[in-house]
Amino acid sequence: MRKIEHLGIAVKNLETSNELFEKLLGSAPYKEEEVVSEGVKTSFFKNGPNKIELLESITTDGPIAKFLEKKGEGVHHVAFEVEDIVKEIARLKSEGFAILNETPKKGADNKWVAFVHPKTSNGVLVELCQEITSQDL
Ligand code: ZN
C-alpha cells in the first residue's frame with residue numbers, strides 16, 4: 001500500500017454536501033461522476049496530496065443506500081493506492097482478509113478498485129485502487 005488515496009464519505013444529498021465540504025476545505029470539487037454499476041453519484045475534492053470522495057446513492061438498494069439506512073451519513077471507506085492491485089488482492093487474501101470482489105472493477109476517478117470486507121478489517125471498509133493506464137484499455 002503506497003498511501004491513503006482518499007476517504008469516502010456517504011451523504012444523503014450530494015449537492016448540499018458539496019456546498020458544505022467546499023466551505024470546510026476551501027475549494028470546490030474538481031469532478032463529479034456517476035458510477036452506475038455501483039449505484040452512486042460521486043464528487044471529489046483535493047486536499048493537499050489526498051482526496052475526499054462524497055458518495056450519494058442513486059438507487060434505493062445499493063451499497064450506499066444500505067449504509068445510510070444502517071449507519072447514517074459519515075465515513076464509508078478508506079481507500080489506499082496500490083502499485084499492483086491484482087498482487088495486493090492475492091496478498092491480502094493469503095493474510096486472511098475477505099475480498100468483496102476478487103477481480104478488480106472500474107471505479108470512479110479512473111481507477112481499478114477492489115474492496116476488503118469490513119468484517120475482516122476491524123469494521124473499516126478498505127478500498128484498494130490503482131490508476132487505470134492506457135495499457136489496461
Ligand atoms: Zn472510494
Side-chain angles (χ1 to χ4, degrees):
M1 309 255 197
R2 280 175 170 165
K3 61 165 190 177
I4 291 181
E5 215 276 339
H6 64 270
L7 294 179
I9 297 173
V11 303
K12 287 182 187 155
N13 183 303
L14 196 63
E15 214 174 300
T16 53
S17 293
N18 276 343
E19 286 171 21
L20 182 74
F21 275 80
E22 184 169 345
K23 278 185 215 160
L24 180 74
L25 300 169
S27 61
Y30 67 91
K31 86 152 78 165
E32 277 191 40
E33 189 180 345
E34 233 174 66
V35 185
V36 177
S37 58
E38 295 291 302
V40 294
K41 202 160 75 175
T42 66
S43 64
F44 283 86
F45 291 80
K46 285 211 168 91
N47 179 242
N50 305 106
K51 296 170 191 166
I52 304 281
E53 174 185 27
L54 303 183
L55 305 111
E56 178 197 305
S57 188
I58 52 171
T59 63
T60 52
D61 58 351
I64 295 299
K66 283 183 191 152
F67 180 88
L68 286 170
E69 203 174 291
K70 251 167 80 179
K71 300 193 172 170
E73 294 179 301
V75 175
H76 175 258
H77 62 267
V78 180
F80 294 92
E81 182 182 285
V82 300
E83 199 169 326
D84 182 332
I85 195 165
V86 174
K87 265 190 202 159
E88 202 61 29
I89 289 169
R91 184 183 73 82
L92 292 176
K93 265 180 77 178
S94 75
E95 295 283 4
F97 291 96
I99 310 295
L100 284 165
N101 58 298
E102 294 189 13
T103 309
K105 53 188 179 179
K106 276 187 185 173
D109 203 29
N110 193 43
K111 300 277 193 294
W112 293 114
V113 300
F115 290 92
V116 178
H117 198 294
K119 74 180 178 193
T120 57
S121 44
N122 281 174
V124 180
L125 176 61
V126 172
E127 176 183 341
L128 307 176
C129 58
Q130 181 187 341
E131 190 89 14
I132 297 175
T133 64
S134 52
Q135 293 171 339
D136 299 328
L137 300 172

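Every heavy atom of this structure was used, including side-chain atoms; hydrogens, water molecules and symmetry mates were not. For ligands, and for the atoms within them, numbers begin at 1 and follow the listed sequence.
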Could you pull out every donor-acceptor pair under 3.5 Å between side chains of residues 72-80 and any protein atom, sequence neighbours left out?
residue, atom, partner, partner atom, Å
Glu73, OE2, Lys12, N, 2.8
His77, NE2, His6, NE2, 3.4
His77, NE2, Glu53, OE1, 3.1
His77, NE2, Glu127, OE1, 2.8

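- Listed by chain and number, the hydrophobic cluster partners of Ile58 come to none, as no ILVMFWY side chain reaches under 4.5 Å of it.
- For the pair Ile99/Leu128, no side-chain contact is recorded, criterion being any heavy-atom separation below 4.5 Å from C-beta on.
- In Lys3, the NZ atom is crowded: over 12 heavy atoms of neighbouring residues, nucleotides or ligands sit closer than 6.0 Å.
- The number of protein N, O or S atoms lying under 2.8 Å from the Zn ion (ligand 1) is 4.
- Annotation for Glu15: atom CD does not count as buried by contact number, only 12 or fewer foreign heavy atoms lying within 6.0 Å.
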Quiz: residues 20-32 side-chain donor-acceptor pairs under 3.5 angstrom, not counting sequence neighbours:
residue, atom, partner, partner atom, Å
Tyr30, OH, Asp109, OD2, 3.3
Lys31, NZ, Asp109, OD1, 2.7
Glu32, OE2, Asn18, ND2, 3.1

